[in-house]
Amino acid sequence: MRKEVDMNCNIVREKIYKQVYTDTREFDDELMRHLNDCPACNSYYKDCRSVKKITSLLNQKQAVLNNPKKLTNDILDSLNEIKPKKKSTGFYISINAKRFLAAASVCLMIVFAYEQYVAMEKIIKLE
Amino acid sequence: MQQDIVNIIEEVKSGNKMAFKHLVEEHQQYAFNVAFRVVCNEEDAKDVVQDCFIKIWKNINSFNAKLKFTTWMYKIVINSAIDKLRSGKRANMINIDNVSEKLCHLDLNGPDVQIENQEIGNIISLISDGLPEKQKLVFVLRDIQGFDSVEVQNILDMHETSVKSNLYNARQFVRKKLSKLLACERRLI
Ligand SMILES: [Zn+2]
């Protein structure tokens, strides 16, 4: 018997939550009768509404920023030694580095090929 | 408007400080508002905003134009605010009795409730302190800041179901907490 009452209260509270927070119409005669007969659910309903009213009030009240100019200046002052990170810098450096390495390796190949040629010439002459 | 922000960001990417100044002036109030709702006091919120814009300046080249600039900015605000909360240095401690008293006597049905910045911070702090970090962030962004579910998912990089369950748990936590605090009277109903 007790379990049935708890189950009923849980369903009622689900409906109360939806009614308070989603603006859907969940209340019917049966639920209203339950609220009249069940002090616990009645309190639950009142507390949910209190929370909703307080949060709605806080929602309407903006926290006002006093002296916004000073905050703007403080922010700008703190930027003096900072520069925005250049997202692409690393990419360009790596491209340049690759080009440099490619050119260097071509030069080395030419030097080695020339030395090889000179060495081969000497060997041929010796023979 | 969207094209304006794209142009400004392109200028900032090329190192234009005047464009960055414009970006700060246009967005610092929004950043402050979100920061304040997480850290709950003005000084810490200003530190968070300053830290946020320094990170934006440093990392503007990694900004993905497919994302809304404000979503990216709020992500940075939230990360800086989390760092601030974790550092454990709070600019001021709240007096729970005073804030509870204020809450008990708020006439939420009145035409226009006047609340100072610090009172807003104290109330948010009172109802959300003790929440696990994720629950607190979802609760603050969704219920107190008023962002929609998709925006919260994007800012916190969370799945829809995760946002829903964290929000549900947070609301239950806050309900139980308020229930004890407001046991003094039922004027809020
Ligand atoms: Zn019940």
Side-chain angles (χ1 to χ4, degrees), chain A residues 9-10 12-24 35 39-92, chain B residues 12-15 17 20-21 24-25 28-29 31-37 42 45-46 49-50 52-54 56-62 103 106 108-109 112-121 123-124 127 139 142-146 167-168 171-172 174-179 182 186 188-189:
Chain A
C9 288
N10 284 339
V12 166
R13 287 175 195 202
E14 265 179 41
K15 288 188 174 187
I16 290 171
Y17 183 84
K18 278 188 188 169
Q19 167 101 5
V20 171
Y21 286 109
T22 63
D23 294 329
T24 53
L35 284 183
C41 285
N42 200 301
S43 288
Y44 180 89
Y45 175 52
K46 287 176 177 173
D47 290 339
C48 281
R49 285 191 59 191
S50 295
V51 175
K52 183 74 195 288
K53 282 194 171 185
I54 288 172
T55 52
S56 299
L57 173 77
L58 294 169
N59 177 236
Q60 289 161 22
K61 301 288 169 187
Q62 298 286 307
V64 182
L65 173 59
N66 296 309
N67 206 350
K69 279 187 180 173
K70 184 181 179 306
L71 183 58
T72 307
N73 290 335
D74 287 348
I75 292 167
L76 292 173
D77 287 347
S78 58
L79 299 186
N80 284 338
E81 291 179 14
I82 306 167
K83 286 192 170 174
K85 286 176 192 164
K86 295 277 182 191
K87 192 180 167 187
S88 49
T89 306
F91 179 69
Y92 285 127
Chain B
V12 176
K13 281 183 179 179
S14 66
K17 281 193 179 171
F20 184 69
K21 185 185 179 196
V24 174
E25 286 170 341
Q28 63 181 357
Q29 170 64 61
F32 176 78
N33 204 30
V34 170
F36 184 85
R37 284 158 199 266
E42 282 187 47
K46 281 183 184 173
V49 174
Q50 187 163 354
C52 162
F53 279 103
I54 290 170
I56 286 175
W57 173 257
K58 280 182 178 174
N59 299 294
I60 193 73
N61 282 303
S62 65
L103 256 182
L106 270 182
L108 296 171
N109 299 315
D112 187 19
V113 184
Q114 296 294 323
I115 317 182
E116 299 288 323
N117 263 4
Q118 202 46 60
E119 284 174 330
I120 297 172
I123 293 172
I124 295 171
I127 63 176
F139 176 72
R142 187 82 175 88
D143 279 1
I144 299 179
Q145 182 63 28
L167 186 59
Y168 176 83
R171 283 168 174 169
Q172 297 303 326
V174 173
R175 179 186 57 78
K176 285 175 193 164
K177 203 168 186 187
L178 267 182
S179 176
L182 300 178
R186 284 276 169 205
L188 300 176
I189 310 306

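Proteins get letters first, then strands, A, B, ... in listed order; numbering begins at 1 in each.
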Are the side chains of A:V20 and A:V51 in touch, meaning some heavy atoms are under 4.5 Å apart? no
With chain A, the option among B:K176, B:K46, B:R171 that has the most non-hydrogen atom pairs under 4.5 Å is B:R171
Most contact-rich option vs chain A, by heavy-atom pairs under 4.5 angstrom, among B:Q145, B:R37, B:K177, is B:R37
**Asked** Taking B:S179 for the side chain and B:R175 for the main chain, is one N or O donor matched with an acceptor at less than 3.5 Å?
**Response** no
The interface call for B:V24 against chain A, heavy-atom contacts under 4.5 Å, is side chain
Applying a strict 4.5 Å limit to non-hydrogen atoms, the region of A:Y44 in contact with chain B is both
Worksheet item: Is there side-chain contact between B:I120 and A:L58, with at least one heavy-atom pair below 4.5 Å?
Response: yes
Per-residue tally against chain A (heavy atom, under 4.5 Å) across B:E25, B:Q28, B:Q29, B:Q50 peaks at B:Q28
Does any part of the side chain of A:L76, heavy atoms only, come nearer than 4.5 Å to the side chain of B:F53, both counted from C-beta? no
Among A:T55, A:N73, A:V64, the residue with the most heavy-atom pairs under 4.5 Å to chain B is A:V64
Would you say the side chain of A:Y21 lies within less than 4.5 Å of the side chain of B:Y168, judging by non-hydrogen atoms?
-> no
So, the part of B:D143 with a heavy atom under 4.5 Å from chain A: the answer is both
